[in-house]
Peer 1: 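Mind looking over this structure? Questions follow.
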Amino acid sequence: LLLYPIRRQRQMCIRDRVTGQYKVIFGQQVTNLEKRQYKQQYKGQSVQEGSCEFRTDSLVKKGGITILDEGNYLHFQNADGEEIILPQQGISMSVKMAQVLGIKQGDFIEWHIVGEKEWQRSRITALYRTPTGQGITLSREEYESLQYDFNPTSFYTNMTIPQYVK
């Protein structure tokens with residue numbers, strides 16, 4: 001496990017304004033059972049992050065994918081800077097990625113996880129702003145409905161993690 005204290009951000013315009021004090025990153029050796037135990041013990045929000053590609057009629061673009069389990073440690077804002085709650089169904093996309101691809105909320109986008117052959121076609125149900133990490137965010141529920149297995153790469157918590165866990 002790698003433990004990263006999160007620096008408090010003064011700006012409220014970032015996509016993943018975090019209310020947790022720590023981001024714990026799981027190493028590849030950590031089992032799914034251990035991940036669930038850490039999340040439960042330290043009352044965190046699990047997150048899976050990775051890379052994906054987006055496809056339109058004229059463009060293929062790489063970006064990030066973030067899958068959120070239940071919790072309230074990550075907060076999002078719309079293009080006007082107002083805090084929003086991302087929908088449980090469909091996918092949410094960063095405003096800049098949507099602009100690059102020439103799509104808007106309500107449109108469909110084809111995407112796939114890097115390393116996977118199957119492309120998905122999903123509706124953009126929300127747009128959010130972020131200064132980094134352009135791509136998509138979706139709920140664990142939506143991700144699993146597409147027949148993927150949720151495999152968290154990190155979790156956020158406010159609880160102090162003991163030194164022996166690190």
Side-chain angles (χ1 to χ4, degrees), residues 1-2 4 6 14-18 20 23-40 42 44-79 83-157:
L1 294 176
L2 296 174
Y4 291 97
I6 297 171
I14 59 175
R15 162 201 60 115
D16 48 0
R17 187 172 64 84
V18 178
K23 179 179 184 180
V24 177
I25 299 176
F26 297 121
Q28 290 185 351
Q29 76 284 1
V30 180
T31 67
N32 283 334
L33 175 61
E34 291 172 313
K35 292 174 184 181
R36 284 192 302 274
Q37 290 170 337
Y38 287 127
K39 178 190 173 208
Q40 197 170 30
Y42 298 107
Q45 180 178 10
S46 296
V47 177
Q48 179 179 333
E49 296 170 296
S51 297
C52 63
E53 289 183 315
F54 307 101
R55 180 170 67 187
T56 65
D57 291 338
S58 60
L59 186 63
V60 175
K61 182 78 175 159
K62 287 190 178 183
I65 181 170
T66 303
I67 301 100
L68 303 176
D69 203 356
E70 292 180 6
N72 61 353
Y73 288 103
L74 293 175
H75 302 268
F76 296 83
Q77 294 182 344
N78 64 18
E83 190 160 324
I84 59 171
I85 296 172
L86 300 183
Q88 291 293 306
Q89 276 70 46
I91 63 174
S92 301
M93 181 174 274
S94 63
V95 171
K96 288 181 185 177
M97 182 61 77
Q99 289 171 344
V100 167
L101 296 171
I103 59 175
K104 61 188 180 314
Q105 186 172 332
D107 290 348
F108 284 88
I109 184 68
E110 290 185 343
W111 62 277
H112 79 104
I113 296 171
V114 171
E116 299 279 334
K117 292 182 181 181
E118 186 176 342
W119 286 80
Q120 303 292 335
R121 185 172 186 270
S122 300
R123 183 180 297 274
I124 305 297
T125 54
L127 295 176
Y128 60 88
R129 57 193 241 183
T130 178
T132 61
Q134 304 303 314
I136 58 174
T137 299
L138 58 156
S139 69
R140 177 182 180 171
E141 177 185 334
E142 179 71 11
Y143 186 69
E144 289 177 337
S145 77
L146 298 171
Q147 306 305 309
Y148 291 114
D149 292 325
F150 181 67
N151 185 13
T153 54
S154 63
F155 79 95
Y156 292 86
T157 184

Peer 1: What are the two closest non-hydrogen atoms of Lys35 and Val30, and how far apart are they?
Peer 2: CE-O, 3.5 Å
Peer 1: Given the rule in the side-chain contact (heavy atoms from CB on, under 4.5 Å) test, do Leu68 and Gln45 qualify, once you have shown the distances and angles that lead to the verdict?
Peer 2: CA-CA 8 Å; Leu68 303 176; Gln45 180 178 10; 4.1 Å; yes
Peer 1: Using side-chain heavy atoms (C-beta onward) and a distance below 4.5 Å, is Leu101 in contact with Lys61?
Peer 2: yes
Peer 1: Could you check whether Glu34 and Thr31, counting side-chain N and O atoms only, form a donor-acceptor pair closer than 3.5 Å?
Peer 2: yes
Peer 1: Roughly how far apart are Ile136 CD1 and Tyr128 OH, rounded to 0.5 Å?
Peer 2: 7.5 Å
Peer 1: Ignoring hydrogens and geometry, is there a side-chain-to-backbone donor-acceptor pair from Gln105 to Thr125 under 3.5 Å?
Peer 2: yes
Peer 1: Answer whether the closest heavy-atom distance between the side chains of Ile109 and Thr56 falls below 4.5 Å.
Peer 2: yes
Peer 1: Is any side-chain heavy atom of Lys104 closer than 4.5 Å to one of Ile124?
Peer 2: no
Peer 1: In terms of heavy-atom contacts, does CD of Glu70 have more than 12 from other residues, nucleotides or ligands at under 6.0 Å?
Peer 2: no
Peer 1: Please round to the nearest 0.5 Å and tell me the distance separating atom CG of Asn32 and atom CG of Asn151.
Peer 2: 4.5 Å
Peer 1: Write down the atom of Leu127, the atom of Ser94, and the distance for their closest heavy-atom approach.
Peer 2: CD2-O, 4.5 Å
Peer 1: Quick one: pull up CZ in Arg36 and CZ in Phe150 and give me the separation to the nearest 0.5 Å.
Peer 2: 11.0 Å
Peer 1: Nearest 0.5 Å please: distance from the CG atom of Leu138 over to the CE atom of Met93.
Peer 2: 11.0 Å
Peer 1: Going from CZ on Phe54 to CD on Glu110, what distance comes out if it is rounded to the nearest 0.5 angstrom?
Peer 2: 12.5 Å
Peer 1: Which pair of heavy atoms, one from Leu86 and one from Ser92, lies closest together, and at what distance?
Peer 2: CD2-OG, 3.6 Å
Peer 1: Between Lys62 and Ser51, is any pair of side-chain heavy atoms under 4.5 Å apart?
Peer 2: no
Peer 1: To check you understand the geometry: which heavy-atom pair defines the closest contact between His112 and Glu116, and what is its length?
Peer 2: ND1-O, 2.7 Å
Peer 1: State the CG-CD distance between Leu59 and Glu53, to the nearest 0.5 angstrom.
Peer 2: 10.5 Å
Peer 1: Between Ile91 and Trp111, does a side-chain contact (heavy atoms from CB on, under 4.5 Å) hold up when you go through it step by step?
Peer 2: CA-CA 11 Å; Ile91 63 174; Trp111 62 277; 3.9 Å; yes
Peer 1: What's the shortest heavy-atom distance between Ser154 and Glu49, and which atoms?
Peer 2: OG-OE1, 3.8 Å
Peer 1: Do you know the tightest heavy-atom contact between Lys39 and Ser46?
Peer 2: CD-OG, 3.1 Å
Peer 1: Side-chain donor-acceptor pair under 3.5 Å between Gln48 and Tyr148, yes or no?
Peer 2: no
Peer 1: With a cut-off of 6.0 Å (strictly less than), are more than 12 heavy atoms of other residues, nucleotides or ligands near CG of Leu33?
Peer 2: yes
